[in-house]
Amino acid sequence: MNKRLEKQMRTRSVEFTTREENDEKHIVGYFSVFGDEYELFPGATESVDPHAFDDALTGDIRALINHDTTLVLGRTTAGTLKLEVDNHGLRGDILINPDDQDAVNAWARVQRGDVSQCSFGFDILDEETEWREDGSVHWTIKAVKLYEVSVCTFPAYQGTEVSARQAQYADVKKRRFEVWKEKTRERMRSKC
């Protein structure tokens with residue numbers, strides 16, 4: 001089991017919907033889709049396993065705007081954020097506070113299509129690494145600790161998350177080369 005306990009964020013374009021019922025406004029959409037391969041950088045992809053959120057939805061999770069902790073749209077413990085896992089992914093339903101202008105503005109931006117991406121903030125508790133025949137690497141996130149979901153303007157797959165994966169990629173590639181080198185030496189010694 002691999003553990004990477006540094007907060008990660010993943011963003012994707014989605015089909016968010018807005019709805020109004022009984023004078024309540026909601027933002028509804030998938031914050032993660034299972035099996036989709038996200039390209040981190042050339043030669044490196046990542047996906048989320050259908051069981052990654054199995055033990056992750058019981059905590060105090062917030063819905064934010066652009067990962068900004070001062071712009072809270074909803075919260076699981078307050079009942080204003082509902083999260084569930086289905087066969088497609090992690091689905092969220094955010095109840096918008098009509099007295100919070102930031103929340104109402106976010107709802108309007110999603111409704112118009114100006115904001116169409118989402119993200120989730122988490123720690124990786126377990127993952128698998130697959131080195132493919134073509135030399136690329138693929139990580140499958142198997143289990144997470146979920147902190148927040150966000151309605152986002154820009155992707156979070158830039159900056160530290162990609163840098164962390166690139167460093168991990170380089171380290172593993174270096175170790176694999178060292179193993180190959182040692183095996184080659186062994187073969188050479190056995191032939192002499």
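Counting begins at 1 with the first residue of the sequence. The figures here come from the full heavy-atom set of this structure, side chains too, leaving out hydrogens, waters and symmetry mates.
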Q.
With a 6.0 Å cut-off (strictly less than), is the heavy-atom count around CG of Asp23, excluding the residue itself, greater than 12?
A.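 Not buried by this count: 12 neighbours or fewer within 6.0 Å.
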(Q) Other residues, nucleotides and ligands only: do more than 12 of their heavy atoms fall within 6.0 Å of CG on Asp100? (A)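 Above 12, so yes.
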Q: Scan side-chain atoms only and decide if Ser119 and Gln117 contain a donor-acceptor pair under the 3.5 Å cut-off.
A: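 There is no such pair between these side chains.
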Q) Does a donor on one side chain sit under 3.5 Å from an acceptor on the other, for Ser47 and His138? A)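 Yes, because at least one side-chain N or O of Ser47 sits under 3.5 Å from a partner of the opposite role on His138.
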(Q) Test: salt bridge (charged side-chain N to carboxylate O under 4.0 Å, His left out). Region: residues 87-97. Which pairs qualify, not counting sequence neighbours? (A)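 Applying salt bridge (charged side-chain N to carboxylate O under 4.0 Å, His left out) to every pair that reaches into residues 87-97, excluding sequence neighbours, yields Arg19-Asp93, Glu84-Arg91.
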Q. Does Phe53 have its ring centroid less than 6.0 Å away from the ring centroid of Phe31?
A.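 Phe53 vs Phe31: aromatic centres not under 6.0 Å.
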Q.
Tell me which one of Asp49, Asp126, Asp54 satisfies side-chain hydrogen bond (donor to acceptor under 3.5 Å, both in side chains) with Lys142.
A.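 The residue from Asp49, Asp126, Asp54 that satisfies side-chain hydrogen bond (donor to acceptor under 3.5 Å, both in side chains) with Lys142 turns out to be Asp49.
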Let me confirm one number: the [atom1]-[atom2] distance from [X] to [Y], rounded to the nearest 0.5 Å.
{"X": "Arg109", "Y": "Ser116", "atom1": "CZ", "atom2": "OG", "answer": "13.5 Å"}
{"X": "Ser150", "Y": "Asn66", "atom1": "OG", "atom2": "CG", "answer": "7.0 Å"}
{"X": "Asn105", "Y": "Ile96", "atom1": "CG", "atom2": "CD1", "answer": "10.5 Å"}
{"X": "Asp68", "Y": "Cys152", "atom1": "CG", "atom2": "SG", "answer": "10.5 Å"}

As a test of understanding, state which of [options] forms a side-chain contact (heavy atoms from CB on, under 4.5 Å) with [X].
{"X": "Leu90", "options": "Val48, Val33, Leu146, Val144", "answer": "Leu146"}
{"X": "Phe120", "options": "Ile61, Val149, Leu83", "answer": "Val149"}
{"X": "Leu71", "options": "Leu64, Val151, Asp102", "answer": "Asp102"}

Using the test salt bridge (charged side-chain N to carboxylate O under 4.0 Å, His left out), find all partners of [X] that sit at least two apart in sequence or belong to another chain.
{"X": "Asp60", "value": "Arg62, Arg75"}
{"X": "Asp114", "value": "Arg112"}
{"X": "Lys25", "value": "Glu20"}
{"X": "Glu37", "value": "Arg132"}

I'd like to check [X] versus [Y] (side-chain heavy atoms, cut-off strictly below 4.5 Å). Are they in contact?
{"X": "Ser32", "Y": "Tyr38", "result": "yes"}
{"X": "Tyr30", "Y": "Asp86", "result": "yes"}
{"X": "Val72", "Y": "Asn97", "result": "no"}
{"X": "Trp131", "Y": "Thr129", "result": "yes"}
{"X": "Leu81", "Y": "Leu73", "result": "no"}
{"X": "Asn87", "Y": "Phe34", "result": "no"}
{"X": "Ile94", "Y": "His26", "result": "no"}

**Q.** Donor-acceptor pair, side chain of Thr140 and main chain of Glu127, under 3.5 angstrom
**A.**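 Between the backbone of Glu127 and the side chain of Thr140 there is no qualifying donor-acceptor contact (under 3.5 Å).
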Q. Do the side chains of Ile27 and Leu95 join up, straight or via other hydrophobic residues, at under 4.5 Å, putting them in one cluster?
A.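 In one cluster: no.
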Q) Between His67 and Gly121, what is the shortest heavy-atom contact and its length? A)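 For His67 versus Gly121, the nearest heavy atoms are CE1-N, 4.5 Å.
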Q.
List the residues meeting side chain to side chain contact (heavy atoms under 4.5 Å, CB included) with Glu133, not counting sequence neighbours, and say none if there are none.
A.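 Residues passing side chain to side chain contact (heavy atoms under 4.5 Å, CB included) with Glu133: none at all.
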